[in-house]
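Below you'll find the structure, written out as structure tokens, and then a few comments.
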Amino acid sequence: MSQRIAQHQEWWTAAEIAASGLPDVPGSRQGVEAYAKKLDWRAHPKLARRRAGRGGGWEYHWKLLPTRAQVQLMKQAEQIPDQPPRPERGDMWAWYDSLPDAVKQKAAGRLAVIQKVEDLSHAMTKFLAVDAVASMEGVAPRT
């Protein structure tokens with residue numbers, strides 16, 4: 001069970017991170033320490049520091065946590081308002097139908113490129129598939 005998260009807590013010990021129940025973080029102190037070592041959190045002097053007081057150890061700034069964990073912390077601190085309700089599917093199609101034909105043609109072309117990448121990604125890595133399709137279509141891979 002997760003503990004109540006402090007509203008404005010900036011610095012976290014490995015044990016606090018593990019007990020927080022935040023998404024995408026390990027659930028044990030040892031797991032958090034291994035995760036921090038893997039991502040080299042201690043190499044960031046402004047975001048990792050030695051813990052003062054008895055026992056020592058390390059403290060990590062909340063900005064080192066995975067994105068979903070940061071978002072949950074900000075929501076719980078009421079820094080991010082709740083997301084507005086998603087529009088209905090029918091409303092989205094009505095919006096799409098109202099677009100000019102040139103915009104719809106461009107969207108259809110981009111969809112075709114994405115589908116080609118998806119088809120090729122079964123035979124090779126996604127990055128290679130993107131490069132191959134971009135080359136065939138005469139566009140930059142980032143496009």
Spatial distance of atom [atom1] ([X]) from atom [atom2] ([Y]) [nearest 0.5 Å]:
X	Y	atom1	atom2	result
Leu65	Ile17	CG	CD1	5.0 Å
Met92	Arg89	CE	CZ	11.0 Å
Leu120	Thr125	CG	OG1	10.5 Å
Met124	Lys126	CE	NZ	14.0 Å

query = What pairs with Asp131 under salt bridge (charged side-chain N to carboxylate O under 4.0 Å, His left out), at least two apart in sequence or on another chain?
reply =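 Once residues adjacent in sequence are excluded, Asp131 has no partner under the salt bridge (charged side-chain N to carboxylate O under 4.0 Å, His left out) criterion.
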key: Those residues that, when tested against Glu137, pass salt bridge (charged side-chain N to carboxylate O under 4.0 Å, His left out) (two or more places apart)   =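 Testing Glu137 for salt bridge (charged side-chain N to carboxylate O under 4.0 Å, His left out), a comparison that skips the adjacent residues, returns Lys116.
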query = Taking only residues at least two apart or on different chains, which pairs with a member in residues 124-143 satisfy ring pair (Phe, Tyr, Trp, His ring centres under 6.0 Å)?
reply =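 As it turns out, there is no ring pair (Phe, Tyr, Trp, His ring centres under 6.0 Å) pair with a partner in residues 124-143 once direct neighbours are skipped.
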List the atom pairs, donor and acceptor, that lie under 3.5 Å between side-chain atoms in residues 28-51 and the rest of the protein, sequence neighbours left out.
unit_1, atom_1, unit_2, atom_2, d
Ser28, OG, Gly31, N, 2.9
Arg29, NH1, Glu33, OE1, 3.1
Arg29, NH1, Glu33, OE2, 2.9
Arg42, NE, Tyr60, OH, 3.1
Arg42, NH2, Tyr60, OH, 3.4
Arg49, NE, Glu59, OE1, 2.8
Arg49, NH2, Glu59, OE1, 3.1
Arg51, NH1, Arg54, O, 3.3

Under 3.5 Å, which donor-acceptor pairs do the side chains of residues 93-108 form with other protein atoms, sequence neighbours left out?
unit_1, atom_1, unit_2, atom_2, d
Ser98, OG, Trp95, O, 2.6
Lys104, NZ, Asp97, O, 3.2

task = Check ring-ring contact (aromatic ring centres under 6.0 Å, His included) between His61 and all other residues, then give those that pass, not counting sequence neighbours.
result = Trp11
Please report the closest heavy-atom contact between [X] and [Y], naming both atoms and the distance.
X	Y	value
Glu16	Trp12	OE1-CA, 3.4 Å
Pro23	Gln72	CD-OE1, 2.8 Å
Val130	Pro141	CG1-O, 3.6 Å

Linked, directly or transitively: Ile114 and Val139 (ILVMFWY side chains, under 4.5 Å) = no
